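Down below is the structure, laid out as structure tokens.
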Amino acid sequence: MEIMETLLGTLNPAQLEAVTATEGYIRVIAGAGSGKTRALSHRFAYLVNEVGILPGNILCVTFTNKASQEMRQRIHALTGDNDTGYINTFHGFCVSILQEDSYAVEYPKSFLVLDNADIDTMLKVIYEERGLGLRDMTFAKARDMIEIQKLFKKPEYYLDMLTLPLEELKQKYQKAETLEDIIFYGYLYQERKCFGLDYNDLIKVTLFIFSRSEEIRLKWQKRLEYIMIDEFQDIDGLQYELMCVLSAYHKNLFVVGDPDQTIYTWRGANIRYLLDFGENFPGCRTIMMMLNYRSTATILRAVNSLIDKNQERIRKSLIPAREEGEKPVCHFASNAEKEAAWIAQEVMRLKEKEGIPLKSITILYRAHYVTRSLEEAFIKEKIPYAIYSGTPFFGRKEIKDALAYLRMIVYRDDLSFLRIANEPKRNLGEQRIRYLQEYAATKGCSLFEALKENQKEELFARTKAVEFISLIEGYAEKYETVPVSDLIGEILSVSGYENDLRIQGSQERLDNLAELKQSIRDYELSCGEEGTLEQYVRHIALFTNMDTPEKEDRLKLMTVHSAKGLEFPVVFLCGMNEGIFPSRKIRSIQAMEEERRLAFVAMTRARDHLYMTEADGRNFDGSDRYPSRFILDAGEENLSFPLPPREGLIQKTKEYVDSMNRHILKDENRILLPEGQRIRHKIFGEGTITGIDQEREAYRIHFDRLDSERNIAFRIALEVL
DNA sequence: ATTTTCGAGATTTTT
DNA sequence: TCTCGAAAAT
């Protein structure tokens with residue numbers, strides 16, 4: 001076929017091999033910038049155009065929704081087919097499965113994907129209800145609880161979750177006495193009440209359905225003739241399990257990954273799945289793709305020097321396909337404001353003198369909080385920018401509120417109630433909500449019912465409770481007959497929500513809402529008659545602000561983590577300081593190596609120009625702040641310093657890094673508690689150490705109050721007895 | 001007595 | 001954006 005020949009002609013032999021390797025188990029180890037995604041989409045096109053596979057029989061797993069979108073566009077261009085099959089994240093794909101088959105476990109067909117904020121809210125409700133005295137629980141503590149809650153999420157509990165009627169689950173929760181039972185059953189009860197599933201649940205429930213019904217499992221196994229997975233180095237246990245099940249029938253599995261880009265071990269990713277793939281899948285062929293097409297040879301020299309400092313690593317280096325370019329530029333500023341100002345000034349220079357549009361420039365950073373000084377500088381210089389982040393950390397409140405109104409109409413669940421009952425202000429403040437929660441807990445009803453039963457009480461006399469109830473109930477009667485796009489427009493204006501925003505002058509939020517409405521309209525068009533409210537709520541569940549397409553010529557700001565898999569002509573890597581990048585709470589060599597891989601990912605995003613900036617000054621505790629070791633690791637000879645660093649700064653930094661390294665080593669020796677050691681955990685109580693989990697740098701512990709043998713405990717939370 | 005408003009501070013990373 | 005605390009507003 002003519003088109004295919006021209007396509008394949010642009011690929012190198014390794015890529016060509018990857019594209020046309022169609023049978024069995026194939027693993028591609030690919031360096032950064034080697035054209036992984038390209039090869040993947042070309043392979044998809046090859047399977048469709050040449051082998052004659054239907055797109056719907058191919059599952060292509062990407063890491064983010066954004067990556068899915070890009071992949072879909074590429075493949076559409078290559079195949080000319082509007083049907084691009086299943087191109088999705090594991091989580092998104094599970095949503096498709098659950099949409100079709102959740103009936104098998106009698107789970108409500110419509111569900112909400114919970115994000116961390118939702119989980120926080122639910123945990124808080126549990127704390128309040130049970131008077132656990134953690135009312136001042138901070139976000140950090142809540143995250144701690146998520147860790148703990150994961151610990152309970154063993155398959156046997158899912159029997160409870162999926163098979164128990166809500167009533168019984170409630171009773172288990174109410175009867176629960178130990179803290180762990182309260183949290184576990186409380187969480188499940190809350191989840192069930194609002195039809196929520198968290199990210200892990202999506203996969204767990206899917207696997208559970210497969211284990212329950214061979215028919216359903218076989219249906220999906222047979223449907224997916226080919227499975228391809230991108231970013232395989234960051235796959236976690238649950239995803240791996242799902243992959244094994246899905247590929248077990250046709251046994252056509254194609255994975256692509258780069259061990260040097262493993263940056264999600266804190267989320268359960270395990271590099272062993274990639275490294276041991278050959279042994280676990282007999283007959284596996286391995287293809288190496290080491291040529292880098294993205295960056296200039298000059299940038300790659302610095303990058304190779306950096307990643308080579310990692311000890312636990314398969315030695316390989318990126319081979320440049322491009323010519324030499326400019327050396328990465330390092331800038332040392334005396335404080336964060338000056339650093340930001342310098343970046344702003346340099347951005348303007350690039351735009352005006354070199355004609356580089358703002359949208360080609362991206363600022364990367366380790367942690368969100370460094371954006372503050374950057375934003376100030378860009379606002380001052382009137383440089384338009386957009387913050388991209390994988391999670392809706394900032395700026396999506398109005399969308400969640402709008403959806404909560406929709407959910408409130410359909411389900412009247414507590415989670416939505418808490419979100420919007422007092423939004424806009426209805427004089428339903430803290431005290432009154434707390435009263436409702438207590439009432440609901442004793443009566444065992446929902447918060448909405450509690451409000452309904454109490455609306456005539458004195459306490460609610462000066463509130464707009466009655467209006468709120470009739471608003472929700474009025475729409476509840478007719479939501480099935482009205483298109484969602486009309487419904488949302490109406491409720492936002494009738495409730496006074498939009499008006500509130502208008503008074504506040506939040507034009508941006510109104511724009512966001514307008515965009516939401518438009519996206520609902522688009523959705524309705526694409527689904528024809530079937531675009532029901534429930535479906536839409538599910539459709540939008542996995543959306544993040546990363547996925548909205550870029551509009552005008554704007555600078556992009558994002559964390560290094562969310563830049564994974566992307567590339568940009570110009571990259572500024574800012575906040576390159578000890579204590580920021582690497583982050584200050586790094587307490588092991590493994591963690592430091594992951595941090596270095598993260599720096600590697602950051603630097604390899606750059607195509608033509610790379611900048612690294614830092615700011616001296618003081619740390620939180622008043623100690624001096626030094627430039628990042630990763631600047632040193634990149635090799636002074638590979639970098640350029642327009643302003644030479646302060647006299648002796650480099651030497652001092654080296655000394656500082658050495659002393660930190662000694663600390664890390666000492667720490668490691670110190671934490672080794674012997675097997676059999678009695679300890680106390682702040683939540684689980686007393687227990688005995690039964691072993692060490694090397695992978696996660698944690699102790700395996702048998703807790704007296706828990707039955708299971710194999711509980712994992714975290715390093716710091718232990719008190720020696 | 002309770003809610004609302006306002007300003008300041010936050011210091012990993014997120015499907 | 002969320003959470004705090006103090007002060008203003010009903």
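A, B, ... follow the sequence lines: proteins, then strands. Residue 1 opens every chain. Side chains are part of it too, since the values below use all heavy atoms of this structure and drop only hydrogens, waters and symmetry mates. Model, not experiment: these values are computed from the prediction.
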Examine B:dT2: is either OP1 or OP2 under 4.0 Å from a nitrogen or oxygen in the side chain of A:R432? Give yes or no. no
Please give, in whole Å, the distance from B:dG9 C1' to A:E376 CD? 13 Å
Would you say the side chains of A:E375 and A:Y385 form a donor-acceptor pair under 3.5 Å? yes
On the nucleotide B:dT13, are OP1 or OP2 found under 4.0 Å from the side-chain N or O atoms that A:H368 carries? yes
A:Y264 near the nucleic acid: base, sugar-phosphate alone, or nothing, with a heavy-atom cut-off under 4.0 Å? sugar-phosphate
Rounding to a whole Å, what distance do you find between A:D236:CG and B:dT13:C1'? 15 Å
Between A:I433 and A:E594, which has a closest nucleotide on DNA chain B that is more 5'? A:I433
Classify A:F63 by what it touches in the nucleic acid, base, sugar-phosphate, or nothing, heavy-atom distance under 4.0 Å. sugar-phosphate
A:N88 side-chain N/O to B:dT15 phosphate OP1/OP2 under 4.0 Å: no
Mind checking whether A:I229 and A:F254 have side chains closer than 4.5 Å, heavy atoms only? no
Below 4.5 Å, heavy atoms only, C-beta onward: do A:P582 and A:M592 meet side chain to side chain? yes
Please state whether the phosphate of B:dT3, meaning OP1 or OP2, lies under 4.0 angstrom from any side-chain nitrogen or oxygen of A:N422. no
Short side-chain donor-acceptor distance under 3.5 Å, A:N577 and A:Y626: no
5'-most by nearest nucleotide on DNA chain B - A:E595 or A:Q239: A:E595
